[in-house]
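Just so it is clear, the structure is predicted and the values come from calculations on it, not from any experiment.
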Amino acid sequence: MNKAQDGRRKTAAQKAKTATARLARADTHRRQQRWTAAALAASAAGSPLNFLLTVSWPKIEDGDRRAGHILAKKIVDRETHLWSELRQVAARAGVEWIAARAPEYDKTRGHHIHIPGHLPDDRALRDAINIIENLTGAPAMWCDMRGRTLRGDGRISHGCVAMSENGGWLLQRHVATAGGSGFTLAAYAAKGTGKAKVEGQHRLSNALLTLLRKSTAGSGSFTHKRP
């Protein structure tokens with residue numbers, strides 16, 4: 001029934017708000033299905049999603065920074081620049097850029113971005129850390145390639161490889177022994193919190209999109225079974 005919780009009929013504005021929320025949930029559900037299927041395809045191809053980078057722009061902007069950062073750019077341009085440079089990290093490591101790009105907004109972290117992807121080894125991860133430090137201007141407060149478990153702000157983050165001061169950016173290594181997988185990682189990044197407030201679009205890299213299309217060709221569905 002089109003009634004508010006107190007029993008009165010909903011206004012046109014309330015109905016529109018409900019419809020918008022319903023469409024947003026459906027959009028998130030479709031994207032999570034699609035990205036989880038993409039994670040399965042990447043795993044089957046031998047390039048599982050095994051890292052997650054999170055950059056929180058308000059925290060990066062708050063504090064002293066190294067010279068040469070990209071913070072003078074608009075947020076969407078920062079994210080495009082960061083994405084392009086990480087793609088070059090994969091190229092230097094001799095692998096395709098298997099990754100997803102998920103800009104978000106929430107009241108706690110403001111504008112931030114998640115980038116889950118595949119890098120083959122510690123050398124590539126260290127290369128990524130150097131790029132992240134240079135572009136954000138925020139050096140790593142510590143670096144531990146074994147991966148640490150961090151607790152704070154009501155969260156538990158596993159497999160943390162490096163983090164800047166006050167958590168402006170965090171690089172995690174998502175492997176089974178660190179409490180994560182490519183499937184959970186893809187579903188988390190695909191949730192799209194506050195999508196209406198961000199400028200950039202959720203997207204898969206061309207290489208990951210190709211793997212997804214090959215895996216779903218002729219099936220007409222993103223439904224999958226986890227191994």
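- Atom CH2 in Trp83 sits 7.0 Å away from atom CZ in Arg101 (nearest 0.5 Å).
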Inset, instruction - Dump the intermediate steps for side chain to side chain contact (heavy atoms under 4.5 Å, CB included) on Val161 and Arg148, then the final yes or no. - result: CA-CA 7 Å; Val161 172; Arg148 299 180 182 181; over 6 Å; no
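- With rounding to the nearest 0.5 Å, the separation of CD1 in Ile132 from CE in Met163 is 13.5 Å.
- When all heavy atoms of Ile115 and Phe51 are compared, the closest pair comes out as O-CE1, 3.4 Å.
- Using a 4.5 Å cut-off between side-chain heavy atoms of Ile, Leu, Val, Met, Phe, Trp and Tyr, with links allowed through other members, Leu211 and Val95 fall into different hydrophobic clusters.
- No close placement of the His118 and Trp97 rings is indicated, their centers lying 6.0 Å or farther apart.
- How far NE2 of His112 is from CD of Glu79: 10.0 Å, rounded to the nearest 0.5 Å.
- Between Glu104 and His114 the shortest side-chain heavy-atom distance falls below 4.5 Å.
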Inset, instruction - Could you walk me through whether Met145 and Arg126 pass the side chain to side chain contact (heavy atoms under 4.5 Å, CB included) test, one step at a time? - result: CA-CA 9 Å; Met145 301 309 291; Arg126 290 192 180 95; 3.3 Å; yes
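- The structure places OG1 of Thr80 at 12.0 Å from CD1 of Ile75, a figure rounded to the nearest 0.5 Å.
- Surrounding CZ of Arg92 are more than 12 heavy atoms belonging to other residues, nucleotides or ligands, all under 6.0 Å away.
- Between the side chain of Trp169 and the main chain of Thr136, no donor-acceptor pair closer than 3.5 Å is present.
- Across all their heavy atoms, Ala124 and Val89 have their closest contact at O-CG1, 3.5 Å.
- No donor-acceptor pair under 3.5 Å is formed between the side chain of Asp77 and the backbone N or O of Lys73.
- In this structure the side chain of Gln172 reaches within 4.5 angstrom of the side chain of Leu170, judged on heavy atoms.
- Residues Pro58 and Gly110 come closest through the heavy atom pair CG-CA, 4.1 Å.
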Inset, instruction - Show your working on side chain to side chain contact (heavy atoms under 4.5 Å, CB included) between Leu208 and Arg203 and close with a plain yes or no. - result: CA-CA 10 Å; Leu208 183 52; Arg203 59 161 294 187; over 6 Å; no
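- In this structure, the separation between CG on Leu86 and CG on Leu53 is 6.5 Å, given to the nearest 0.5 Å.
- Within the 4.5 Å cutoff, side-chain heavy atoms of Cys143 are placed close to those of Ile129.
- A search for ring pair (Phe, Tyr, Trp, His ring centres under 6.0 Å) contacts involving His69 returns nothing, not counting sequence neighbours.
- Looking at His158, its side chain never comes within 3.5 Å of a backbone N or O of Ile156 through a donor-acceptor pair.
- Each of Asn50, Asp122, Asp144 was checked for a side chain to side chain donor-acceptor pair (under 3.5 Å) with Arg173, and the lone residue meeting it is Asp122.
- A heavy-atom distance below 4.5 Å is found between the side chains of Thr54 and Leu52.
- The main-chain N or O of Ala39 is never found under 3.5 Å from a side-chain atom of Ser43 such that the two would form a donor-acceptor pair.
- Taking CD1 of Ile113 as the reference point, atom CG of Leu82 lies at 6.5 Å (rounded to 0.5 Å).
- Taking every heavy atom of both residues into account, Ile131 and Glu85 meet most closely at CG2-CB, 3.6 Å.
- Residue Glu61 places its CD atom among more than 12 non-hydrogen atoms of other residues, nucleotides or ligands, all under 6.0 Å distant.
- Among all heavy-atom pairs drawn from Ala42 and Ile98, the shortest one is CB-CG2, 3.9 Å.
- At least one donor-acceptor pair under 3.5 Å links the side chain of Ser205 to the backbone N or O of Ala99.
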Inset, instruction - Walk me through it: do Met141 and Ser164 pass the test side chain to side chain contact (heavy atoms under 4.5 Å, CB included)? - result: CA-CA 5 Å; Met141 185 167 56; Ser164 69; 5.9 Å; no
